[in-house]
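Only a predicted model underlies this, so the values are computations on that prediction, with no experimental measurement involved.
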Amino acid sequence: MAEQVSTVPVEVKDDWLTVCAISLVAEMVADVVHEGLGHAAVAFLMGAKSGVLSTVAWSSEFDSRLVAAGGTLANLAAGLVFWMALRKATGGSVRWRFFLLVSIAFNLFSSTGYFFFSGVTNFGDWAAVIGGLPAHWLWRLVLIVVGIASYHGAVLVLGTALVRYVGVARDDLGRLRRLMYVSYFSAVVILGVAGLLNPIGIQLVWQSALPAAAGAHSGMLWLMYYIPRRTVPERGSEGIGRSYAWIIAAAGLSAIFVFVLGRGITLHR
């Protein structure tokens, strides 16, 4: 008598506290890349004497188009670096690979989403970049088109990487949703809470923090429906297990992010 083989897929278990912790760290890194490296560092290199750095803004008397564009450009560069690291992380743990994946997501979605946001609202970094240029309406239209095209590209890159390099099966929609939803809401919460303490004013919460998180990262809520059909895992698809190292690191960094950087730090050259 032939033995019957079960075709019921085995459910992969993930520890959601660890997924949340990894996502928090990745979002804080992406935010510091944007505000710290992209805006503050560029401003100092171009001659700024001092300024206030927080989780939602860099503020100083010195300003230029390059300083305004620096945050987006830094996130794009960081996204590329994280993507290259993920491709080479053949022997890395699934937790490390997931950290690289969500780091790519937060950096690419933040940067590509900013083009569209500034083009539609005429507010934010890229509104400052194109401010005063002739044919202003045309530049806004260019930002919108570039934003839509680049954001769509980011969705395809993230969806493919999630399956191919993290090892999440394309047809496991339940797991895809849970991983992306936890990451998305973790980012929204940490940026929103830290933004409440910013020294410029609470209006930056809905003008900057929430658009950067809830709006720009919204691709994480639906990217699973745009994963190319022939994409298959190239790495192991084991679950993301409990890691107290990630949890403790996320808790400590979150406290610093919210209560120190959130309140603003005055930097001098």
Side-chain angles (χ1 to χ4, degrees), residues 21-85 99-100 102-115 117-118 123-129 183 186-201 204-205 207-213 215-217 249-269:
I22 292 172
S23 303
L24 288 173
V25 174
E27 177 55 53
M28 289 184 282
V29 170
D31 184 81
V32 171
V33 166
H34 184 96
E35 303 295 350
L37 294 181
H39 290 318
V42 172
F44 281 126
L45 288 174
M46 296 189 66
K49 301 299 183 181
S50 65
V52 178
L53 175 67
S54 72
T55 61
V56 295
W58 160 255
S59 177
S60 73
E61 295 182 356
F62 181 89
D63 200 6
S64 71
R65 297 186 196 276
L66 183 57
V67 172
T72 300
L73 299 179
N75 281 135
L76 284 172
L80 176 60
V81 170
F82 284 121
W83 179 73
M84 294 172 62
F99 167 74
L100 294 174
V102 290
S103 293
I104 298 169
F106 293 148
N107 279 282
L108 290 189
F109 285 154
S110 176
S111 54
T112 58
Y114 222 138
F115 296 132
F117 173 75
S118 287
F123 178 81
D125 292 345
W126 284 86
V129 172
S183 299
S186 298
V188 172
V189 169
I190 191 65
L191 284 184
V193 172
L196 291 172
L197 303 179
N198 84 86
I200 298 177
L204 283 187
V205 174
Q207 290 178 346
S208 179
L210 291 183
H217 298 342
L253 292 174
S254 295
I256 297 172
F257 187 77
V258 172
F259 297 110
V260 179
L261 188 58
R263 296 178 183 275
I265 300 174
T266 300
L267 302 178
H268 300 277
R269 189 177 182 183

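- The heavy-atom pair separating Ala57 from Ile200 by the smallest distance is CB-CD1, 3.8 Å.
- A donor-acceptor pair is defined here as one N or O able to donate and one able to accept, closer than 3.5 Å; such a pair exists between the side chain of Asn75 and the backbone of Ala30.
- For the atom pair CG of Leu100 and CD1 of Ile104, the computed distance is 6.5 Å after rounding to the nearest 0.5 Å.
- Environment of CZ in Phe62: crowded, with over 12 heavy atoms of neighbouring residues, nucleotides or ligands closer than 6.0 Å.
- Checked options Asp125, Asn107, Thr72; the residue passing with His34 is Asp125 (criterion: side chain to side chain donor-acceptor pair (under 3.5 Å)).
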Checklist entry - Taking it one step at a time, do Val42 and Leu73 satisfy side chain to side chain contact (heavy atoms under 4.5 Å, CB included)? => result CA-CA 11 Å; Val42 172; Leu73 299 179; over 6 Å; no
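- Between Met28 and Ile190 the shortest side-chain heavy-atom distance falls below 4.5 Å.
- Looking only at side-chain heavy atoms (C-beta outward), Val205 and Val56 stay at 4.5 Å or farther from each other.
- Taking each heavy atom of Leu191 and Ala213 in turn, the nearest pair found is CD1-CB, 3.6 Å.
- Test Val258, Asp31, Val260, Val193 against Thr55 for side-chain contact (heavy atoms from CB on, under 4.5 Å) and you get one pass: Asp31.
- Summarising the geometry, atom NE2 belonging to His39 is positioned 11.5 Å from atom OG belonging to Ser59; distances are rounded to the nearest 0.5 Å.
- Between the His268 side chain and the Ser50 main chain, no donor and acceptor come within less than 3.5 Å of each other.
- Looking at heavy atoms from C-beta onward, Leu253 lies out of side-chain contact with Leu24 at the 4.5 angstrom threshold.
- Classification of the Phe106-His217 ring pair by plane angle, with boundaries at 30° and 60°, yields tilted.
- Within the 3.5 Å criterion, the main-chain N or O of Phe115 finds no donor-acceptor partner in the side chain of Ser118.
- Listed here is the closest heavy atom pair of Trp58 and Ala40: CE3-CB, 3.5 Å.
- Considering all non-hydrogen atoms of both residues, Val33 and Ala78 come closest at CG1-CB, 4.0 Å.
- With rounding to the nearest 0.5 angstrom, the CG atom of Leu80 is 8.5 Å from the CG atom of Leu108.
- The CZ atom of Phe82 sits 5.0 Å away from the CZ atom of Phe99 when rounded to the nearest 0.5 Å.
- The heavy-atom pair separating Ala187 from Glu27 by the smallest distance is CB-OE1, 3.5 Å.
- For the residue pair Gly51 and Phe44, the shortest heavy atom distance occurs at N-CZ, 4.5 Å.
- With hydrogens and angles ignored, the 3.5 Å screen pairs no side-chain donor or acceptor of Thr266 with any backbone N or O of Val52.
- Take Ser54 and apply the side-chain hydrogen bond (donor to acceptor under 3.5 Å, both in side chains) test, not counting sequence neighbours, and it matches no residue.
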